[in-house]
Every structure is written in C-alpha cells, then in structure tokens.
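Have a look at the structure below before the remarks.
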Amino acid sequence: MKGFNRIWVAAVFGAALTMVSASAQTVNQRRENQQDRIGQGVQSGALTAGQTARLENKEASLNSEIHNDRVANGGHLTTNERKQVNRQQNHLSRQIYRAKHT
C-alpha cells in the first residue's frame with residue numbers, strides 16, 4: 001500500500017507542476033499567436049497602419065503589465081493575475097478579429 005501512496009503523491013505533484021508550467025506557457029503562447037495574427041493582418045492588407053499601431057500598442061501595454069506582475073512575484077503570475085491576463089488577452093483577441101474583419 002505504501003508504494004501506491006508514493007505513486008499517487010508523485011502523480012499529483014507532477015500534475016500540479018505541469019499545470020503551473022502550462023499556464024505560463026499558455027500566456028506566452030497566446031502572446032505569440034496574437035502577434036502572429038496582427039502580422040497576418042498586415043500582410044493580407046486587412047489591417048491599416050493605424051489599426052496595426054493601435055493593436056501593437058495594446059499588445060505592448062499588456063506585455064509590460066505581464067512583465068511587471070512577474071517581477072513583483074518572483075517570475076510567476078498569481079492565480080488572480082493569470083485570470084486578469086486571460087480576460088485582457090480575450091478582449092485583445094476580439095479587437096484583432098474585429099479590426100481584421102471590418
């Protein structure tokens with residue numbers, strides 16, 4: 001029975017580490033994806049120079065906020081900060097979509 005408990009504890013610990021690393025990866029991956037979407041809009045001509053500048057400024061502001069939050073917390077985002085960043089990334093994603101499709 002002790003062997004099973006050790007395996008179970010190791011599995012739970014491993015899952016927790018994966019979740020923490022996955023959430024950080026998700027924030028970074030979304031940043032890259034959204035930057036790529038802006039670039040695609042420029043290449044296709046769907047975004048004007050003004051739209052691109054506004055989206056880039058919003059993206060830079062969000063990236064700065066993420067950086068400052070991580071500096072304040074030893075390189076990590078708190079759960080509440082991650083939720084807030086996710087909401088902001090969702091909002092920016094909708095803005096990118098709308099700008100490309102108007």
Side-chain angles (χ1 to χ4, degrees):
M1 191 67 168
K2 287 183 182 181
F4 177 75
N5 286 339
R6 287 183 187 151
I7 292 171
W8 187 80
V9 169
V12 169
F13 183 71
L17 285 177
T18 301
M19 286 174 32
V20 168
S21 121
S23 66
Q25 185 179 13
T26 301
V27 168
N28 292 332
Q29 187 61 48
R30 285 195 68 185
R31 285 171 33 181
E32 290 177 26
N33 289 347
Q34 290 185 354
Q35 192 62 46
D36 290 345
R37 289 175 56 213
I38 293 170
Q40 290 167 351
V42 171
Q43 278 187 332
S44 70
L47 293 176
T48 66
Q51 290 172 318
T52 302
R54 281 188 294 280
L55 292 170
E56 291 285 354
N57 286 337
K58 290 176 183 181
E59 182 78 21
S61 176
L62 179 55
N63 290 342
S64 177
E65 182 180 332
I66 292 167
H67 173 76
N68 292 338
D69 288 345
R70 284 188 172 153
V71 167
N73 295 303
H76 302 286
L77 295 173
T78 66
T79 301
N80 287 336
E81 289 168 342
R82 246 189 334 271
K83 288 178 183 178
Q84 180 181 358
V85 166
N86 188 48
R87 282 191 301 270
Q88 290 171 307
Q89 286 179 325
N90 288 344
H91 184 72
L92 182 58
S93 178
R94 285 189 297 274
Q95 289 178 327
I96 294 168
Y97 178 86
R98 288 180 187 134
K100 286 175 67 175
H101 293 90
T102 56

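- Pairing each heavy atom of Q89 with each of V27, the nearest pair is NE2-O, 3.3 Å.
- The backbone N or O of R82 sits nowhere less than 3.5 Å from a side-chain atom of N86 that would complete a donor-acceptor pair.
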> Could you go step by step and tell me if N80 and Q84 meet the side chain to side chain contact (heavy atoms under 4.5 Å, CB included) rule?
Replying inline: CA-CA 6 Å; N80 287 336; Q84 180 181 358; over 6 Å; no

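- R37 and S93 form a side-chain donor-acceptor contact under 3.5 Å, judged by distance and modelled atom types alone.
- For the atom pair Q43 CD and Q40 CD, the distance stands at 7.5 Å (nearest 0.5 Å).
- Rounded to the nearest 0.5 Å, atoms CG (N90) and CZ (R30) are 4.5 Å apart.
- Looking only at side-chain heavy atoms (C-beta outward), E32 and Q29 come within less than 4.5 Å of each other.
- Atoms CG and CD, from L62 and Q88 in turn, are 5.0 Å apart once rounded to the nearest 0.5 Å.
- Atom CD1 of I38 is separated from atom CD1 of I96 by 4.0 Å, given to the nearest 0.5 angstrom.
- Across all their heavy atoms, Q34 and E59 have their closest contact at OE1-OE1, 3.6 Å.
- Taking both residues in full, the closest heavy atoms of R70 and N28 are given as NH1-OD1, 3.4 Å, listed atom of the first, atom of the second, then distance.
- Contact detail for I66 and L77: the closest heavy-atom pair is O-CD2, 4.0 Å.
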>> Is there a side chain to side chain contact (heavy atoms under 4.5 Å, CB included) between H91 and R94? Walk through the geometry before answering.
In response: CA-CA 5 Å; H91 184 72; R94 285 189 297 274; 3.9 Å; yes

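- Within the model, atoms CG of L55 and CZ of R98 stand 12.0 Å from one another, a figure rounded to the nearest 0.5 Å.
- Of all heavy-atom pairs spanning H76 and N73, the tightest one is O-CB, 3.1 Å.
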